[in-house]
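Keep in mind that this is a model prediction, so the values were computed, not measured. Throughout, a chain's letter reflects where its sequence line sits, starting with A, and its residues are numbered from 1.
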Amino acid sequence: MTTVSVQNVAKSFGTVPVLRDIDAVFPQGTFTSLLGPSGSGKTTLLRIIAGFVTPDQGGVTIGEKDVTGIPVWGRNIGIMFQSYALFPHMTVASNVAFGLELRGIRGAEAPKAVAEALDMVHLADFGDRMPKNLSGGQQQRVALARAMVIKPSVLLLDEPLSALDRRLRQKMQVELLRIQSQTGLTTIFVTHDQEEALTLSDRIAILDKGRIVQSGAPEEIYENPQTRFAAEFLGDSNFLTGVVESGAVRLPDGTAIQTTAPLPANRQKPTLAIRPEKMSPAPHDGATNQIAAKILTVIYAGPALSYLLQTPDGTRLKLFQANRDGTLMREGETITLHWSPAHSIPVQD
Amino acid sequence: MPSKATPQRALKGARILPQWVSTTALLLPAYGWLSLADFLPLLTMFLFSFMNKTPMGKAPIEFTLRHYRAFIDQPYLVKIAANTLLMGLWTTLTCAVLGFLAALALVRCTTGARRETLLILILLPFWTNGLVRVFSWTMVLRENGFLDNLWHWIAPTAGSIAILYSREAIVIGLVHGYLPYRIITCYIALVTIDDAIIGAAQSLGARWWVILTKILIPLAAPGLISGAVLTFVPVIGSFMEPRILGGKVGVTMGTVIEDQFTQAFNWPLGASLSFTLLAVTLAIFATFSGILRRGTGGTA
Amino acid sequence: MTRLGQVFLGMILIFLYTPIFVLMAMGFNESELYELPFKFSTRWYSALSTNTELLTSGFNSIVLAVITAIGTLAALALSRRTFRGRSLLQLLLLPPIAIPWLITGTAC
């Protein structure tokens with residue numbers, strides 16, 4: 001089993017910096033998502049770990065071995081691409097056997113390993129087919145078998161599910177998780193899909209403009225985002241800005257917002273993030289963390305209801321509610337929103 | 001497994017005219033022109049090839065098969081044919097290697113605007129006049145020509161490296177004529193290969209020669225073979241390059257045939273030799289199209 | 001590796017352009033027989049400027065280009081459509097390439 005780490009990596013393409021000062025550890029057996037919008041550098045980081053891209057500075061370690069100077073073919077990695085990247089001129093079985101042949105595994109051992117790998121992805125009877133005769137999901141499973149059969153030290157996934165439709169994607173997520181936990185393989189997964197990152201990962205690293213802005217367990221990041229970007233990119237968030245006054249944040253209209261988190265010094269202007277599902281429309285006596293807002297839009301989404309609201313000073317807020325009894329508040333209604341002080345989280349802009 | 005509708009099937013609903021009408025409309029101009037400018041004259045030539053002499057003047061014409069026995073009656077033709085095939089082979093092979101490597105370099109080592117510029121620069125010489133191109137090579141390759149002068153400037157004491165009037169000169173001229181075409185066909189075959197496929201092979205442990213022999217060449221094979229056939233076929237019929245660059249050694253089937261028409265005035269022999277050449281070419285083409293079909297048919 | 005490929009492409013370009021540049025240079029050489037050493041002269045270009053044949057040739061080239069476009073239509077049909085006799089029509093395309101063009105020209 002293998003821990004992968006990246007030390008002090010930077011990379012520019014021409015004059016455009018793509019990654020700066022990246023330090024990251026991917027502990028053995030964990031499933032880590034690199035989450036970020038396009039252009040955040042997540043794919044470049046994966047390609048540096050794979051060896052396709054040479055970093056301008058810094059290094060990569062896989063297990064005990066510093067692989068910075070080692071080309072792709074010497075790193076013993078398994079990789080899956082968005083485009084499947086099967087060898088179109090080879091049968092499914094030859095595709096899977098490709099890496100074994102290069103490792104000098106021949107004779108009876110190779111077909112056995114190929115059969116096992118295809119069995120693992122439920123394609124045992126597909127060995128003689130050509131890739132073009134398979135569906136997208138089947139092709140991606142062949143790619144997974146091909147990557148796993150060589151017993152790689154690390155599995156790198158470059159948005160492998162993005163080309164699949166929603167249902168198939170969910171099925172493949174389950175497959176991936178099952179196989180990953182069975183093998184205990186250190187896995188690094190690049191995605192721009194926050195939902196996918198939340199469901200699949202043990203750990204998430206959020207990238208923005210070439211930096212890792214926050215990393216940790218999904219619930220850790222979700223419950224305690226440290227920056228406005230992290231709060232917005234992983235899940236949804238409301239933001240309120242005010243001035244610190246005697247242990248609370250006073251909004252422009254005078255409302256005091258309580259938080260359990262440590263606040264900066266008086267007169268500073270922090271931004272507070274509040275998750276839309278943590279707010280509730282019931283007025284709450286005791287008067288802390290209450291603001292009035294008018295409902296602009298109601299979105300009925302079956303199990304969930306979501307509302308877009310506006311406060312008297314013009315701030316837009318979102319509110320998510322579970323659909324418990326099917327009753328809706330109406331557009332135009334003014335309601336009072338309340339939330340617990342533990343749910344106002346100061347974030348950096 | 002859900003079956004995907006082919007684009008053709010998807011279009012069919014919207015089609016008003018039956019498909020054969022549009023197919024005919026697309027084909028008619030070209031094949032009409034070909035009948036007028038190629039098939040008709042070739043048919044006449046086919047007729048000539050059975051005549052005992054060139055149909056000029058008033059002497060009566062007899063029909064005979066004896067011109068088709070030329071290879072038996074005139075054994076020197078066999079040697080010329082062998083030389084011609086060798087010339088075709090060398091040209092095709094040189095073009096294949098250089099063309100494939102150049103296309104590979106274009107795909108793997110260049111990007112964006114620079115690649116486009118290079119493609120245009122490679123294609124431009126293809127559009128220059130063939131005769132002019134061949135004559136320019138005489139200036140480069142002959143004694144006291146451009147290359148010889150350059151060589152003497154680098155190594156003043158060394159002997160001449162002029163290679164005009166040799167088989168090498170013919171091959172150089174022919175390669176020069178067909179290389180741009182070969183680079184472009186190889187480029188088209190290679191550029192369609194997804195980068196991720198090469199990346200996947202590398203991740204599985206493949207070094208560059210494995211990628212070359214197991215991935216790139218097999219995937220580009222249909223393009224490589226059709227490019228080779230379309231170089232080989234016109235090259236063995238060529239007469240301009242052998243004549244101008246080969247001098248005395250430049251006797252090929254092409255020049256022999258040309259001589260029958262322009263010097264010996266024996267059109268029937270010239271015609272029968274051309275059709276023999278065509279038969280050989282068709283045989284080669286048939287062999288390779290078989291390989292091609294098998295190569296793309298789906299077995300690894 | 002990238003550098004190697006670029007150097008190779010450079011060599012290919014030198015190969016393709018050497019005869020063309022030598023020819024262009026010889027246009028400015030005084031000798032009628034491309035003799036070296038090189039003596040600069042524009043007499044061949046002034047001879048060219050009085051040549052009316054050039055205009056006619058230019059027009060002919062345009063006509064040829066139009067005929068080439070006809071070929072594109074056929075290529076479209078042959079590659080996109082399957083119909084009876086397709087292979088025969090494809091086969092018929094070979095003789096015009098295989099037979100030396102001089103022959104076809106003579107027969108016309």
Side-chain angles (χ1 to χ4, degrees), chain B residues 19-20 23 26-27 29-31 33-34 37-39 41-42 44-45 48 98 101-102 104-106 108-110 118 121-122 125 128 132-133 135-137 139-140 144-147 149 176 179-180 183 208 230 233-234 237-239 254 257-258 261-262 267 270-271 274-275 277-278 281-282 285, chain C residues 1-13 15-26 29 34-38 67 69-78 80-87 89-108:
Chain B
Q19 185 162 313
W20 66 267
T23 305
L26 285 169
L27 288 172
Y31 279 89
W33 172 259
L34 275 177
D38 269 302
F39 300 145
L42 284 177
T44 322
M45 270 298 154
F48 284 177
L98 292 181
L101 290 177
L104 194 64
L106 272 171
R108 307 297 309 169
C109 311
T110 65
L118 279 167
L121 281 176
I122 285 167
T128 55
V132 170
R133 229 166 26 202
F135 264 114
S136 336
W137 273 112
M139 289 179 240
V140 176
N144 198 27
F146 174 76
L147 211 61
N149 269 287
H176 185 251
L179 188 59
I183 295 176
W208 68 266
L230 287 177
V233 168
S238 67
F239 53 88
I257 292 168
E258 190 215 16
F261 283 94
T262 57
W267 290 14
S274 328
F275 282 103
L277 196 65
L278 176 64
T281 313
L282 281 175
F285 189 72
Chain C
M1 211 61 181
T2 306
R3 186 115 311 256
L4 194 75
Q6 286 166 348
V7 169
F8 182 74
L9 283 173
M11 278 157 57
I12 292 285
L13 284 183
F15 170 69
L16 289 177
Y17 280 90
T18 300
I20 292 168
F21 282 130
V22 167
L23 186 78
M24 277 163 72
M26 286 304 170
N29 191 3
Y34 316 121
E35 276 164 309
L36 292 169
F38 187 84
I67 293 169
I70 293 175
T72 316
L73 294 182
L76 201 67
L78 287 173
R80 294 279 174 84
R81 305 280 168 81
T82 47
F83 49 88
R84 259 171 53 196
R86 177 165 170 252
S87 331
L89 285 181
Q90 279 181 320
L91 201 65
L92 280 174
L93 289 176
L94 205 64
I97 314 173
I99 301 267
W101 42 262
L102 185 90
I103 312 291
T104 322
T106 314
C108 281

When the 4.5 angstrom heavy-atom criterion is applied to B/Leu106 and chain C, the contacting part is both

Bottom line for B/Ile183: the part with an atom under 4.5 Å from chain C's heavy atoms is side chain

With chain B, the option among C/Leu9, C/Thr2, C/Leu4, C/Leu13 that has the most non-hydrogen atom pairs under 4.5 Å is C/Leu9

The reported gap from CD1 in C/Ile20 to NE2 in B/His176 (rounded to nearest 0.5 angstrom) is 5.0 Å

All heavy atoms of B/Ala105 vs all of C/Gly5, minimum pair found to be CB-O, 3.6 Å

Minimal heavy-atom distance between C/Pro19 and B/Ser136, with the atoms involved, is O-CB, 3.2 Å

Report task. Evaluate the criterion side-chain contact (heavy atoms from CB on, under 4.5 Å) for residue pair B/Leu147 and C/Thr18; output intermediate values, then yes/no. Result -> CA-CA 9 Å; B/Leu147 211 61; C/Thr18 300; 5.7 Å; no

Separation between CG (B/Leu179) and CG (C/Leu16), nearest 0.5 Å, reads 5.5 Å

*Parallel, tilted or perpendicular: which describes the rings of B/Trp137 and C/Phe15, with under 30° parallel and over 60° perpendicular?*
tilted

Would the distance check show the side chain of C/Gln6 and the main-chain N or O of B/Thr110 forming a donor-acceptor pair, the cut-off being under 3.5 Å?
no

Here the pair of heavy atoms bringing B/Pro125 nearest to C/Tyr17 is CD-OH, 3.5 Å

So, the part of B/Leu121 with a heavy atom under 4.5 Å from chain C: the answer is both

